Each structure stands twice: as C-alpha cells, then as structure tokens.
Colleague: 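I have a structure here, written as structure tokens, and I will follow up with some questions on it.
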Amino acid sequence: MAALYDFDTVIDRRGTWCVQWDGVADRFGVDGLLPFTISDMDFATAPEVLAALRARLDHGVFGYTTWQQDDFRSAVAHWYATRYGTEIDTGQLVYGPSVLNQLSQLLQMWTAEGDGVVVHTPTYDGFRKAITGLGRELRGVPVGDEEALVRELARPDAKVLVLCSPHNPTGRVWTAAELTRMAELAERYGVAVVSDEIHADFVHEGHVHVPWTRVAGEGRWALISSGPKAFNFPALTGSYGLIGDPADRAEYLRRMETAEGLASPAVLSLTAHIAAYREGGPWLDAVRAYVAGNLAHVAERLATGLPELGWEPPQAGYLAWIDLRAAGVDDAELQRVLVERERVAIMGGTVYGAPGFVRLNVGCPRGKVERGVEALIRAVKTVTSSPSGV
C-alpha cells in the first residue's frame, strides 16, 4: 500500500508562510534552523483531497456556505463507522474554526473565571493557553495517576476535565477501561468532559482508539476533533464536535452564529473533510505506516546512541516524546547546542511542563528524521560530556 504514495520526496515549504519553517525564529530566535516543531507534517495531503479541492476551485463561486448538510454529516458518520466501529448521532454534530476555538467556547459555557479545569500532565501548551487565558485555574494530574485525578475532580470548584485522547505530547492511547473510569468519576463529581480527539486517526498498530461517545454517561460532555491533523490541511481551518446535551448544543451554536459571527464555514475545509473521510483511508494507512517506520528508526538510533534512555515509540501520533532525564542534561544548555551548533529546532519539554524531555516531530521524509535524531544524539553527548557545551 505504501508504494502507492511517495513520502520520501522533500517538498520545499520555505516561503509558504508556514509556522514550522518560516516562523521558526519566532520561537527559537534564529532563522534557518531545520525544524521538528509544531505538529503538522511535511507531506502533501491525500491525492483524493487535492482532487476534490481542485474540482471545487474550478467551480469558481465561493459564496456563503453551510456545514449543516448531509454530505458533511454523513462523511463524518462514515468515518467513525469504518475507522472506529462507532455509530454517531449526526444530530449532535457542531462545527467550529478549530478545536482550540471549540474548547474555548465550551469552557466559557461550562465554567466561570477562577473555576478549576483538570488536565493531564505533561500538557499540550494550547490547552494551557486557552485555560489560563480565560482566567480559569489549570489543575494538572500526571498521566496514569488515578488518585490525583480523583482528588482534583472531587474539588468543589472543578468544573471541566479536558481530556486529550490520544494524549499529546506523550502519545498515550487511553484504554476503554480507563476512559470508562474517567466518565464515571466525572459524572460522580458533576464535572463536564471535553475530549480532544484530534490525534485519534494516528493510533499505531496494537492500540485501539475509543471515541468518548462510547463511554459517555449522563453528564455533560463534548468530543472535539478535525480532519486536518491526520490529513495535513490545518491551513484550511475547520473542526467539528459532538455535544451530548441538546441545550448545550443549542447554546454552542448560538454562540458561534451570533456572538462569534461564524455561521458560514470555509468551503474548502468542508470539501477537504468530506473527501478525506470518504476516500482518504488508504492514504492515511500508508502515511501512518511510514511514520511508524520513522519512529522505529528513532528508537533504533537512540538504542545505540543513547541506550540509557530505553526509549520506545509512542502509541499514537508522529511526535516522539523523548525522556532525556537519564542522560542528566540541562534543558537550557541542550537547547543552546541544538540551535547554535546543530542548527535544528526541537521542542523542549518545558513547553509542556516537563523539564528533561524533548518532542521531536517525525511527520516528515526519512532523511529529515535521520538528520534530526543524529543532531539530538550529538547535542546530548556534547552537553553531558562538557557542561558548557564547548
């Protein structure tokens, strides 16, 4: 299957206004670095998506558009049925410009300033910005620590559990039993759940993603997701959600259509979503297999270059979350060497509240992955052999 698609050819993204390549200096202070940063991929999207976009462009008219039509709704339902064996209620569907925008709207609906919002740590920095930016209190619980989760959910002012499923940045795929337990706890303590499932389509072999709709109880909940993460078209914008309670769903739609003025979505986003969910499965399977090969290469090189780490690939995603604490590196010094000597941009774990880690994006051609992991190994050895990195 992978032979049908070319993921090895490098596509030059410089000068296309992309955050990863053209915006690297905004985060790292230096231009011209080889980036392994923000979670988009260096691959062109699926040919089926490109064909659908070209056909829509050829039509030539781009007037106001509605997402509340059967082509879109049935495409989402088809995807969940064929990929996850899950029947969704398309009457629960809502639309938004991005998953973070949807999260912001839901937090404003279900919390007040000062309320507690529970997240797993390490935490995707977009969650942190959304929660604290709204004046809510972020309450972190370590991934897998149920005692801490119970303690935080039980606090009277805890109002929402923001679940990343699969988890970013660790790549953890929650089991059905874990999700069921979270649903039970949330319902017990009257905490709403927002399940961000944007990484679900990149679950690797041996693991199974369980949509929140399969475990949701009687409490408040929303599932938010989008096609761009898996099919690599975030620049087209667009996301969707499922909201369980009819009154909550009506309030969300009211906010989007009136307060936010977002009644008309981007037509190319709808076009891309429909094509991806109807026809893009083979391409996604191929790119996921290619990324799994990239992750296997990283594991092989780290096993020989930095064996003390004992690193294993994540259960989902194309983000290699690497624990460097066993190597005893200084985060700031490592970043200095990576930028100044190795000329690469790799996200430090402090961005996610986890010093001692790095997050390496391997959604790219194998040759780039090879350069990135070798640079990381050399940088770690430089820092640990000479504290000053010289």
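Just so it is clear, the values below take in all heavy atoms, side chains as well, and ignore hydrogens, waters and symmetry mates. Since the model is a prediction, treat every value here as computed from it, not as a measurement.
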Colleague: Looking at every non-hydrogen atom in both residues, tell me the closest pair between Pro47 and Trp283 and how far apart they are.
Modeller: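 So the minimum-distance heavy-atom pair works out to CD-CD1, 3.6 Å.
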Colleague: May I ask you to decide if Ile346's main-chain N or O and Gln335's side chain share a donor-acceptor pair within less than 3.5 Å?
Modeller: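 Such a contact is found between Gln335 side chain and Ile346 backbone.
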Colleague: Any side-chain donor paired with an acceptor under 3.5 Å for Arg359 and Ser39?
Modeller: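 Judged by distance alone, the side chains do not pair up.
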Colleague: Answer yes when Glu184 and Arg188 have at least one side-chain N-carboxylate O distance shorter than 4.0 Å, and no when they do not.
Modeller: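 No, this pair does not count.
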Colleague: Please tell me if the side chains of Leu295 and Tyr318 come closer than 4.5 Å, counting only heavy atoms from C-beta onward.
Modeller: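 A side-chain contact is absent here, since even the closest heavy-atom pair is not under 4.5 Å.
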Colleague: Within the 4.5 Å heavy-atom criterion, are Tyr124 and Leu100 side-chain neighbours or not?
Modeller: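 Yes, at least one pair of side-chain atoms sits under 4.5 Å.
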Colleague: Are the side chain of Glu257 and the backbone of Ala263 linked by a donor-acceptor contact shorter than 3.5 Å?
Modeller: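 Not at all, since once roles are kept as given, no pair shorter than 3.5 Å links the two residues.
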Colleague: Do you know the tightest heavy-atom contact between Cys364 and Val369?
Modeller: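 Cys364 and Val369 have their closest heavy atoms at SG-CG2, 3.4 Å.
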Colleague: Between CG of Asn232 and CE of Met41, what distance do you get to the nearest 0.5 Å?
Modeller: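 Spacing of CG (Asn232) from CE (Met41) equals 4.5 Å.
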Colleague: Hey, are the side chains of Val194 and Leu107 touching, using non-hydrogen atoms and a 4.5 Å cut-off?
Modeller: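 No - every pair of side-chain heavy atoms lies 4.5 Å or more apart.
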Colleague: Checking side-chain polar atoms at under 3.5 Å, does Tyr95 have a donor or acceptor matched by the opposite partner on Ser269?
Modeller: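 Yes - a donor-acceptor pair under 3.5 Å links their side chains.
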Colleague: Kindly assign one of parallel, tilted or perpendicular to the pair Phe357 and Trp321, based on the angle between their ring planes and the thresholds 30° and 60°.
Modeller: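 Plane angle under 30°, so parallel.
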Colleague: When you compare the side chains of Asp248 and Trp221, does any donor N or O come within less than 3.5 Å of an acceptor on the partner?
Modeller: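 The criterion, which ignores hydrogens and geometry beyond distance, is not satisfied for Trp221 and Asp248.
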Colleague: Answer yes when Arg343 and Asp31 have at least one side-chain N-carboxylate O distance shorter than 4.0 Å, and no when they do not.
Modeller: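 So Arg343 does not pair with Asp31 through a salt bridge.
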Colleague: As a quick check of understanding, evaluate salt bridge (Lys or Arg N to Asp or Glu O under 4.0 Å) for Lys129 and Asp125, giving each step before the final call.
Modeller: CA-CA 6 Å; Lys129 292 173 183 175; Asp125 57 322; 3.8 Å; yes
Colleague: For the atom pair NE2 (His59) and OG1 (Thr271), what is the distance rounded to the nearest 0.5 Å?
Modeller: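 If I round to the nearest 0.5 Å, the distance is 10.5 Å.
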Colleague: Spell out, as yes or no, whether a donor-acceptor pair under 3.5 Å connects the side chain of Asn361 to the backbone of Asp40.
Modeller: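 Between the backbone of Asp40 and the side chain of Asn361 there is a qualifying donor-acceptor contact (under 3.5 Å).
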Colleague: Identify the two heavy atoms, one from Trp110 and one from Ala192, that lie closest to each other, and give their separation to 0.1 Å.
Modeller: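 Scanning both residues, the minimum pair turns out to be CE3-CB, 3.4 Å.
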Colleague: Using a 6.0 Å distance limit plus a 45 degree cone around the ring axis, check whether Arg366 lies over the aromatic ring of Tyr290.
Modeller: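 Cation-pi check for Arg366 and Tyr290: passes.
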Colleague: Let's go through Gln108 and Ser104 carefully: what are the C-alpha distance in whole Å and the side-chain angles of both, what is the deciding distance for side chain to side chain donor-acceptor pair (under 3.5 Å) to 0.1 Å, and is it a yes or a no?
Modeller: CA-CA 6 Å; Gln108 291 176 72; Ser104 177; 3.1 Å; yes
Colleague: Step by step, would you call Glu113 with Arg136 a salt bridge (Lys or Arg N to Asp or Glu O under 4.0 Å)?
Modeller: CA-CA 5 Å; Glu113 192 167 344; Arg136 278 58 170 170; 5.3 Å; no
Colleague: Nearest 0.5 Å, what's the NZ-OH distance between Lys159 and Tyr189?
Modeller: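 If we round to the nearest 0.5 Å, Lys159:NZ and Tyr189:OH are 14.5 Å apart.
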Colleague: Say whether Asp6 and Thr9, considering side chains only, have a donor N or O and an acceptor N or O under 3.5 Å apart.
Modeller: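 There is such a pair (donor and acceptor under 3.5 Å, judged by atom type) between the side chains of Asp6 and Thr9.
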Colleague: If you measure from the Lys or Arg side-chain nitrogens to the Asp or Glu carboxylate oxygens, is any gap between Glu374 and Arg301 under 4.0 Å?
Modeller: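 Salt bridge flag = yes for Arg301 with Glu374.
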Colleague: Under 3.5 Å, is there a donor on one side chain and an acceptor on the other for Ser195 and Glu197?
Modeller: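 Result is yes, a qualifying pair exists.
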Colleague: Same cluster or not: are Phe7 and Leu50 linked, directly or through other Ile, Leu, Val, Met, Phe, Trp or Tyr residues, by side-chain heavy atoms under 4.5 angstrom apart?
Modeller: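 Different hydrophobic clusters.
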Colleague: Show your reasoning for whether salt bridge (Lys or Arg N to Asp or Glu O under 4.0 Å) applies to Arg181 and Glu178.
Modeller: CA-CA 5 Å; Arg181 176 62 172 160; Glu178 289 173 324; over 6 Å; no
Colleague: Under 3.5 Å, side chain of Asp8 to main-chain N/O of Val10, donor-acceptor pair present?
Modeller: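 Side chain of Asp8 to backbone of Val10, a donor-acceptor pair under 3.5 Å: no, none is there.
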Colleague: Would Arg73 and Asp70 pass as an ion pair if we require N to O under 4.0 Å?
Modeller: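 No.
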Colleague: Taking a hydrophobic cluster as the set of Ile, Leu, Val, Met, Phe, Trp and Tyr residues connected by side-chain heavy atoms closer than 4.5 Å, whether directly or through intermediates, do Val119 and Val150 fall within one such cluster?
Modeller: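 Yes, Val119 and Val150 fall within the same hydrophobic cluster.
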Colleague: Count I, L, V, M, F, W, Y as connected when their side-chain heavy atoms are under 4.5 Å apart, and connections chain through other members. Are Tyr64 and Phe72 then in the same cluster?
Modeller: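 No; Phe72 is not reachable from Tyr64 via cluster members.
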Colleague: Compare all side-chain heavy atoms of Thr170 with those of Pro122 and state whether any distance is below 4.5 angstrom.
Modeller: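 The answer is yes, as the side chains (C-beta and beyond) meet within the 4.5 Å cut-off.
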Colleague: Testing Phe233, Trp67, Trp79 one by one against His273 for a ring pair (Phe, Tyr, Trp, His ring centres under 6.0 Å), which residue passes?
Modeller: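 Going through Phe233, Trp67, Trp79 one by one, the ring pair (Phe, Tyr, Trp, His ring centres under 6.0 Å) with His273 is satisfied by Phe233 alone.
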Colleague: Hey, what do you get for OG1 (Thr237) to CG (Leu270), rounding to the nearest 0.5 Å?
Modeller: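 That separation rounds to 9.0 Å.
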Colleague: Taking everything shown except Gln69 itself, do over 12 heavy atoms lie less than 6.0 Å from its CD?
Modeller: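 Yes, enclosed.
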Colleague: Looking only at non-hydrogen atoms, find the nearest pair between Trp17 and Asp22 and report the distance.
Modeller: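 Minimum heavy-atom contact is N-OD2, 2.7 Å.
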Colleague: For Asp201 and Tyr84, does a side-chain donor sit closer than 3.5 Å to a side-chain acceptor?
Modeller: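 Per modelled atom types, Asp201 and Tyr84 side chains form a pair under 3.5 Å.
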Colleague: Under 3.5 Å, is there a donor on one side chain and an acceptor on the other for Thr304 and Glu300?
Modeller: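 Side-chain D/A pair, Thr304 to Glu300: absent.
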Colleague: With distance as the sole test, does Asp245 use its side chain to make a donor-acceptor pair with the main-chain N or O of Arg220 at under 3.5 Å?
Modeller: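 Flag not set: sc Asp245 to bb Arg220 has no pair under 3.5 Å.
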Colleague: Indicate yes or no: at least one non-hydrogen side-chain atom of Leu306 is less than 4.5 angstrom from one of Lys381.
Modeller: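 Yes; the side chains approach each other to less than 4.5 Å.
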Colleague: State, with a plain yes or no, whether a side-chain heavy atom of Asp323 is found less than 4.5 Å away from one of Trp311.
Modeller: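 Result no, sub-4.5 Å side-chain heavy-atom pair not found.
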Colleague: Tell me the closest heavy-atom pair linking Ile243 and Arg249, and the distance in Å.
Modeller: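 Smallest interatomic distance, heavy atoms only, reads O-NH1, 2.6 Å.
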Colleague: Transitively linked via ILVMFWY side-chain contacts under 4.5 Å: Val329 with Phe28?
Modeller: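 No, no single cluster joins them.
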Colleague: Is the count of non-hydrogen atoms from other residues, nucleotides or ligands lying under 6.0 Å from Arg214 atom CZ greater than 12?
Modeller: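 For Arg214, atom CZ is crowded (more than 12 foreign heavy atoms under 6.0 Å).
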Colleague: Between Val208 and Val203, is there a side-chain heavy-atom distance shorter than 4.5 Å?
Modeller: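 When only atoms from C-beta onward are counted, Val208 and Val203 do not touch, as no gap falls below 4.5 Å.
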Colleague: Taking the six-membered ring for Trp, is the centroid-to-centroid distance between His78 and Tyr277 below 6.0 Å?
Modeller: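 Between Tyr277 and His78, which both carry aromatic rings, the centre distance is not below 6.0 Å.
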Colleague: Let me confirm one number: the NE2-SG distance from His199 to Cys164, rounded to the nearest 0.5 Å.
Modeller: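 Those atoms lie 5.5 Å apart.
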Colleague: Could you tell me whether a side-chain N or O of Thr65 sits under 3.5 Å from a main-chain N or O of Gly63, the two making a donor and an acceptor?
Modeller: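 Looks like yes, one N/O pair under 3.5 Å.
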Colleague: If you count heavy atoms of other groups shown closer than 6.0 angstrom to CD of Glu87, is the number above 12?
Modeller: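 Counting other residues, nucleotides and ligands, CD of Glu87 stays at 12 neighbours or fewer.
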Colleague: Between Glu137 and Arg139, does at least one N-O distance fall below 4.0 Å, as a salt bridge requires?
Modeller: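 Yes.
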Colleague: Please name all residues satisfying ring pair (Phe, Tyr, Trp, His ring centres under 6.0 Å) with Phe36, sequence neighbours left out, ordered by chain then number.
Modeller: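 Listed in chain order: nothing, the list is empty.
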Colleague: Is there a path of hydrophobic side-chain contacts, each under 4.5 Å between heavy atoms of I/L/V/M/F/W/Y residues, joining Tyr352 to Leu376?
Modeller: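 No, separate clusters.
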Colleague: Would you check if Met256 and Val94 make a side-chain contact, meaning some heavy-atom pair closer than 4.5 Å?
Modeller: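 Sidechains of Val94 and Met256: no contact.
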Colleague: Could you report the tightest heavy-atom contact between Val383 and Asp330, atom names first, then the distance?
Modeller: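 Looks like CG1-N, 4.1 Å.
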